[in-house]
Q: 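Would you mind keeping the following structure in view while I ask a few things?
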There are 2 protein chains.
Amino acid sequence: MLSKKTQYALKALSYLAARQDQGPVLITDIAEQKKIPIKFLENILLELKNAQILGSKKGRGGGYFLRNAPDKTSLATVIRVVDGPIALLPCVSLYFYQKCADCTEEICPINAVFVQVRDATLAVLESKTLEDIQDLIPEAIDFSI
Amino acid sequence: MLSKKTQYALKALSYLAARQDQGPVLITDIAEQKKIPIKFLENILLELKNAQILGSKKGRGGGYFLRNAPDKTSLATVIRVVDGPIALLPCVSLYFYQKCADCTEEICPINAVFVQVRDATLAVLESKTLEDIQDLIPEAIDFSI
DNA sequence: GTATTCTCTACAAATTTTATAGACTTTTTA
DNA sequence: TAAAAAGTCTATAAAATTTGTAGAGAATAC
């Protein structure tokens, strides 16, 4: 399971992606709308900024915004930044690889299967982007029609 | 990432699968060969037994053994028993479902993507079984040829 | 009936996750 | 140019989970 932190990150990014053209968005705004503890969210957004996913502006009229077009940031990237490895085993991870204590990967059948799991998972997470998880903006829907 | 507990479970099952026809295997034996803390392993094997994956026999000549043919137990089953949910989000889990606080799944784009991730992952984990991760038994390989 | 082996419950230590506090810096603007 | 607005940064605390240990108990084989 993704950590709460990562779930918060995805919600925040989903919110920001939908407001891409509307200039910087306040942390406070995101926290309230998405019901995320504000101080926790601060840390998360900062991390996303340090990873070049978000940009920010200080002072009046400031806030956070996507640094690139929503379709340029994959969900895999987000998860790796906030949560770490996507693979189910360390010996199978592309970005957080760690050798197993005793096993030799060339002949380890467990390793082989989990490479397949990783690839299946990544096929989705690398291809889906913030564009695909954009918030539907309620205000934009006209129910009077 | 899978917990150490689940990794131990998979190693133990991999060991047992390869020794399927040789009668019960001692906890001690598995623990030594797979370098798993024995008391921890006891708990794990017991859990696998309670989940009907393993059978056991007490007393001299006793030990643990697979309850069914190796190809009858999927890796998904094992992971669910030991680790819990395979899905990345609670609102997307088949066996450990939990509703999100504020989101309505029908229109939640995050939910939709993670259903796809889940299905891609499960396609592998449901189809692969203990047969696929059987230990290669070193003793059985004849290097003299 | 005793040695062997799994069973069960409780607990303890370590680590990770979740969250909060508060002082600091940058920017805007009156 | 000072005050208000907003993000930055580091440290710490609380809670939860994971990892591992202890030891008495029950079943079985010989």
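Below, read A as the first sequence line, B as the second, and so on, with proteins coming before strands; counting in each chain starts at 1.
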Q: Using 4.0 Å as the upper bound for N to carboxylate O, is an ion pair formed by B/Asp135 and B/Lys11?
A: no
Q: Report the residues that fulfil side chain to side chain contact (heavy atoms under 4.5 Å, CB included) with A/Asp132, sequence neighbours left out, ordered by chain and then residue number.
A: A/Lys128, A/Thr129, B/Val113
Q: OH of A/Tyr95: more than 12 outside heavy atoms within 6.0 angstrom?
A: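 No, the 6.0 Å shell around OH holds no more than 12 heavy atoms from other groups.
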Q: How many Å lie between CZ on A/Arg67 and P on D/dG7, as a whole number?
A: 17 Å
Q: Contact class for B/Leu45 (heavy atom, under 4.0 Å): base, sugar-phosphate, or nothing?
A: nothing
Q: How would you list, by chain and number, every residue that makes a side chain to side chain contact (heavy atoms under 4.5 Å, CB included) with B/Ala123, sequence neighbours excluded?
A: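 With sequence neighbours excluded, B/Ala123 shows a side chain to side chain contact (heavy atoms under 4.5 Å, CB included) to no residue whatsoever.
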Q: Given atom CD of B/Glu47 and atom C1' of D/dT19, what is their separation to the nearest angstrom?
A: 13 Å
Q: Along nucleotides 17-30 of chain C, 5' to 3', which nucleotides get a B, which get an S, and which get a -, given that the test is a protein heavy-atom distance under 4.0 Å?
A: -SBBBB--BBBSS-
Q: Please give, in whole Å, the distance from C/dC6 P to B/Leu48 CG?
A: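 Distance, rounded to whole Å: 14 Å.
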Q: Of all residues at least two apart in sequence or in a different chain, which pass the side chain to side chain contact (heavy atoms under 4.5 Å, CB included) check with A/Lys4?
A: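 Listed in chain order: A/Tyr8.
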Q: Does C/dT5 have OP1 or OP2 sitting under 4.0 Å from an N or O in the side chain of B/Thr28?
A: no
Q: What is the distance, rounded to the nearest whole Å, between atom CG of A/Leu26 and atom P of D/dA4?
A: 18 Å
Q: Please state how far atom CG in B/Leu46 lies from atom C1' in D/dG20, giving the value in whole angstrom units.
A: 16 Å
Q: Under the ring pair (Phe, Tyr, Trp, His ring centres under 6.0 Å) rule, what pairs show up with a residue in residues 65-86 of chain B, not counting sequence neighbours?
A: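 Sorted pair list comes back empty.
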Q: Just to be sure I understand the rule, does A/Val82 reach a base, reach only the sugar-phosphate, or reach nothing, if contact means heavy atoms closer than 4.0 Å?
A: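 Nothing, no heavy atom under 4.0 Å.
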Q: Starting from P on D/dG7, measure out to CG on A/Leu16 and report it in whole angstrom.
A: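 Those two atoms, CG and P, are 11 Å apart.
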Q: How close or far is atom P of C/dC6 from atom CG of B/Leu54, stated in whole angstroms?
A: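 After rounding, the reported distance stands at 12 Å.
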Q: Restricting to salt bridge (charged side-chain N to carboxylate O under 4.0 Å, His left out), what partner residues turn up for A/Glu47, sequence neighbours left out?
A: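 For A/Glu47, the residues satisfying salt bridge (charged side-chain N to carboxylate O under 4.0 Å, His left out) (neighbours in sequence not counted) are A/Lys5.
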Q: May I ask you to say what B/Ile27 touches in the nucleic acid, namely base, sugar-phosphate or nothing, with a heavy-atom cut-off under 4.0 Å?
A: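 Answer is sugar-phosphate: B/Ile27 comes under 4.0 Å of backbone atoms only.
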